[in-house]
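So the structure is just underneath, and the comments pick up after that.
Since the structure is predicted, the reported quantities are computational estimates derived from the model, not experimental observations. All values below were derived from every heavy atom in this structure, side-chain atoms included, with hydrogens, water molecules and symmetry-related copies excluded.
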Amino acid sequence: MQYSQSVIFAIEEINNSSSLLPGVSLGYKIYDTCSSRAMGVRMAMALVNGNENSILEEPCTKPAQPQAIIGETYSSVSMAITKTIGPFSVPLISHDATCECLSDKRIYPTFLRTVPSDYYQSRALAEMVKQFGWTWVGAIRRDDDYGNSGMAGFTEAAEKLGVCLEYSLPFFTTYSKEKVLKIIQQIKSSTSRVIVAYVTYWDLEMLLDVFYEHNITGYQWVGTGAWIADSTVARTDKHKILQGAIGLAVPKTTVTGLKDFILDIYPLKSVGSTIFTEFWETLFHCKYTVQNDSEHTTVCTGQEELSEMDNEFTDMTMMPIFNNAYKAVYAIAHTLHDLLGCTQTCPTKKQPDPPTVSKKSI
């Protein structure tokens with residue numbers, strides 16, 4: 001939700017600007033991919049084909065042809081989307097998909113991003129490990145494009161620096177208990193005391209309890225930006241398994257006004273009642289409609305105060321990534337500004353197309 005709010009905030013800034021795209025209003029359509037490749041492709045095709053249901057009462061005066069798509073958060077989903085929309089030359093600009101593989105322009109010619117590639121992160125992690133004198137380490141990697149590609153880069157760089165990998169174990173959230181137990185046994189039988197974790201925060205949410213159950217404690221953890229600065233991990237790590245972990249993260253930054261905009265959730269009511277209701281119920285752990293047999297369910301009043309909450313939504317530690325989504329909107333806006341030849345105002349009859357926007361952006 002915060003990513004969507006960041007995009008909307010940037011669009012509203014640009015639409016109120018007298019210097020960037022003067023006389024032109026940017027519109028947007030937001031879809032939830034649910035972190036699913038299939039859903040991501042489906043939503044992207046709906047945008048590209050214009051096969052979408054409008055919730056607006058007023059008819060659109062121009063076809064809803066997207067000049068670019070912002071997303072996706074995850075590398076695997078981004079890969080599926082950009083392969084699908086690539087033939088249409090619609091640029092996909094990601095704020096958080098870091099897999100080095102996405103830099104291959106032969107396969108992903110219209111993919112762009114406002115976050116550094118893992119080419120740099122994996123090599124920087126190797127340098128960090130070497131700097132601390134850890135020359136005998138183990139590793140856990142997420143068993144997908146992000147984890148496998150990132151760990152391959154780390155392994156290559158580490159070997160050149162004289163750092164040896166005792167093991168590199170794949171993990172995925174759908175792994176069976178037997179597979180997870182094999183990972184535990186491998187770690188317990190190893191001699192290295194440093195573990196490089198090329199995983200995401202939700203991988204650790206699943207693994208932390210298992211680690212505690214099998215006494216996987218006392219290790220030095222080295223993490224990637226996908227979890228090292230995420231407060232969710234800190235809240236989940238009740239047994240301090242990851243205490244003392246170090247790693248790399250996107251530098252801290254702020255966008256004036258963005259935090260207040262994100263936390264001002266009441267305007268979301270105008271987006272759609274279904275979206276707002278689901279979001280409100282999740283945020284405040286209440287229900288607007290309570291069944292007769294739900295005695296212990298809190299009823300939503302609509303007057304709940306966000307200032308009294310301390311959860312993932314109110315936590316602004318991911319502001320650097322929100323900023324990446326914000327920058328993606330501005331990248332598109334500046335490209336359109338140049339393509340339209342805007343000066344004091346923009347020509348309204350000139351309509352750019354996605355292939356032109358893609359070439360200009362690249």
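Between the side chains of Thr298 and His285, no donor-acceptor pair of N or O atoms lies under 3.5 Å. Neither side chain, Thr173 nor Trp202, offers a donor N or O lying under 3.5 Å from an acceptor on the other. A donor atom on one side chain and an acceptor atom on the other are not found under 3.5 Å apart for Gln243 and Trp221. Judged by distance alone, the side chains of Asn148 and Asp143 do bring a donor and an acceptor atom under 3.5 Å apart. Asp118 and Thr98 share a donor-acceptor pair across their side chains, judged by distance under 3.5 Å alone. For the residue pair Thr224 / Tyr146, a side-chain donor-acceptor distance below 3.5 Å is found, with atom types taken as modelled.
Counting heavy-atom neighbours within 6.0 Å of Lys83 NZ, excluding the residue itself, gives a total of 12 or less. Within 6.0 Å of CZ in Arg42 there are 12 or fewer heavy atoms belonging to other residues, nucleotides or ligands. Applying the 6.0 Å contact sphere to CZ of Phe284 captures more than 12 heavy atoms from other residues, nucleotides or ligands.
Ile184 has its side chain within reach of Phe211: a pair of non-hydrogen atoms, C-beta onward, lies under 4.5 Å apart. Between Met316 and Leu263 the shortest side-chain heavy-atom distance falls below 4.5 Å. Between Tyr219 and Leu242 there is no side-chain heavy-atom pair separated by less than 4.5 Å. Side-chain contact between Val137 and Glu166: absent, with no pair of heavy atoms (C-beta onward) separated by less than 4.5 Å. Lys177 places none of its side-chain heavy atoms less than 4.5 Å from the side chain of Leu181. Using a 4.5 Å heavy-atom threshold, the side chains of Arg142 and Phe171 count as separate. In this structure, the side chains of Phe9 and Val255 come closer than 4.5 Å at one or more pairs of heavy atoms. Counting only heavy atoms from C-beta outward, the side chains of Thr200 and Asp203 approach each other to under 4.5 Å.
To the nearest 0.5 Å, the span separating CG on Leu125 from CD on Gln121 amounts to 5.0 Å. Taken from CE in Met128 to CZ in Arg123, the straight-line distance is 15.5 Å, to the nearest 0.5 Å. Taking CG from Asp230 and CG from Leu204, the interatomic distance works out to 9.5 Å, rounded to the nearest 0.5 Å. Separating the OG1 atom in Thr232 from the CG atom in Asp237 is a distance of 12.5 Å, to the nearest 0.5 Å. We find the CD1-CD1 distance between Ile332 and Ile14 to be 8.5 Å, quoted to the nearest 0.5 Å. Within the model, atoms CG of Leu207 and CD1 of Ile140 stand 6.0 Å from one another, a figure rounded to the nearest 0.5 Å.
Both Val24 and Leu339 are assigned to one and the same hydrophobic cluster, defined by single-linkage of ILVMFWY side chains at heavy-atom distances under 4.5 Å. By the rule that hydrophobic residues join a cluster once side-chain heavy atoms approach within less than 4.5 Å of another member, Met1 and Ile8 end up as members of one cluster. Under a hydrophobic-cluster definition in which Ile, Leu, Val, Met, Phe, Trp and Tyr are linked whenever side-chain heavy atoms come within less than 4.5 Å, directly or via other members, Ile81 and Ile107 are assigned to the same cluster. With hydrophobic clusters built from ILVMFWY side chains whose heavy atoms lie under 4.5 angstrom apart, Val222 does not share a cluster with Tyr201. Under a hydrophobic clustering in which Ile, Leu, Val, Met, Phe, Trp and Tyr are joined whenever their side-chain heavy atoms come within less than 4.5 Å, directly or via other members, Ile246 and Val196 fall into the same cluster.
Put simply, the side chain of Ser78 gets close to the backbone of Tyr74: a donor and an acceptor are under 3.5 Å apart. With hydrogens and angles ignored, the 3.5 Å screen pairs a side-chain donor or acceptor of Lys130 with a backbone N or O of Leu161. Within the 3.5 Å criterion, the main-chain N or O of Glu72 finds a donor-acceptor partner in the side chain of Ser94. Looking at Gln2, its side chain never comes within 3.5 Å of a backbone N or O of Ile262 through a donor-acceptor pair. Between the side chain of Asp260 and the backbone N or O of Gly257, no donor-acceptor pair lies under 3.5 Å. Counting only distance, with no hydrogens or angles, the side chain of Ser75 and the backbone of Cys99 share a donor-acceptor pair below 3.5 Å. With hydrogens and angles ignored, the 3.5 Å screen pairs a side-chain donor or acceptor of Ser189 with a backbone N or O of Gln186. Remark: the backbone N or O of Met319 is not paired with any side-chain donor or acceptor of Asn323 at under 3.5 angstrom. Checking side-chain atoms of Thr33 against main-chain N and O of Gly40 turns up no donor-acceptor pair under 3.5 Å. Using modelled atom types, one side-chain atom of Trp227 and one backbone atom of Ala197 make a donor-acceptor pair closer than 3.5 Å.
In this structure, Lys179 forms a cation-pi arrangement with Tyr175, its terminal cationic atom sitting closer than 6.0 Å to the ring centre and no more than 45° off the ring axis. Relative to the ring axis of Tyr198, Arg141 does not place its NZ or CZ within 45° and under 6.0 Å from the centre. A cation-pi geometry, defined here as NZ or CZ lying under 6.0 Å from the six-membered ring centre and within 45° of its normal, does not hold between Arg113 and Phe111.
Relative ring orientation between Tyr3 and Phe322 is described as perpendicular, the plane-to-plane angle rising above 60° on a 0-90° scale split at 30° and 60°.
Using a cut-off of 4.0 Å between Lys/Arg side-chain N and Asp/Glu carboxylate O, Asp145 and Arg37 are scored as salt-bridged. Using a 4.0 Å cut-off between charged nitrogen and carboxylate oxygen, Glu178 and Lys182 do not count as a salt-bridge pair.
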### Query
So Leu47 and Lys29, side chain to side chain contact (heavy atoms under 4.5 Å, CB included) or not? Walk me through it.
CA-CA 8 Å; Leu47 280 170; Lys29 192 82 173 179; 3.9 Å; yes
### Task
Decide side chain to side chain contact (heavy atoms under 4.5 Å, CB included) for Glu127 and Gln131; before the verdict, give the C-alpha distance in whole Å, the side-chain angles of both, and the deciding distance to 0.1 Å.
CA-CA 6 Å; Glu127 292 282 358; Gln131 181 65 31; over 6 Å; no
### Task
Might you work through the side chain to side chain contact (heavy atoms under 4.5 Å, CB included) test for Ile93 and Ile69, ending with a clear yes or no?
CA-CA 6 Å; Ile93 306 178; Ile69 298 176; over 6 Å; no
### Query
Would Cys286 and Trp280 satisfy side chain to side chain contact (heavy atoms under 4.5 Å, CB included), going step by step from the backbone distance to the final call?
CA-CA 8 Å; Cys286 60; Trp280 196 270; 4.2 Å; yes
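Closest non-hydrogen pair, Ala80 versus Val41, comes out as O-CG2, 3.7 Å. Listed here is the closest heavy atom pair of Pro320 and Val250: CB-CG1, 3.7 Å. Here the shortest heavy-atom pairing between Thr345 and Gly23 reads OG1-CA, 4.4 Å. For the pair Val77 and Ser36, the tightest heavy-atom approach, listed with the atom from each and the gap, is CG1-O, 3.7 Å. Summarising the geometry of Thr343 relative to Pro22, their closest heavy-atom pair is O-CG, 4.0 Å, with the distance given to 0.1 Å. The minimum heavy-atom distance linking His337 with Ser19 is given by the pair CE1-O, 3.2 Å.
Tyr28 pairs with exactly one of Val329, Ile70, Ile11 by the side-chain contact (heavy atoms from CB on, under 4.5 Å) rule, that one being Ile11. Screening Thr110, Thr82, Leu112, Thr84 for a side-chain contact (heavy atoms from CB on, under 4.5 Å) with Leu92, the sole residue that qualifies is Thr82.
In summary, the aromatic rings of Tyr330 and Tyr326 are positioned with their centroids under 6.0 Å apart.
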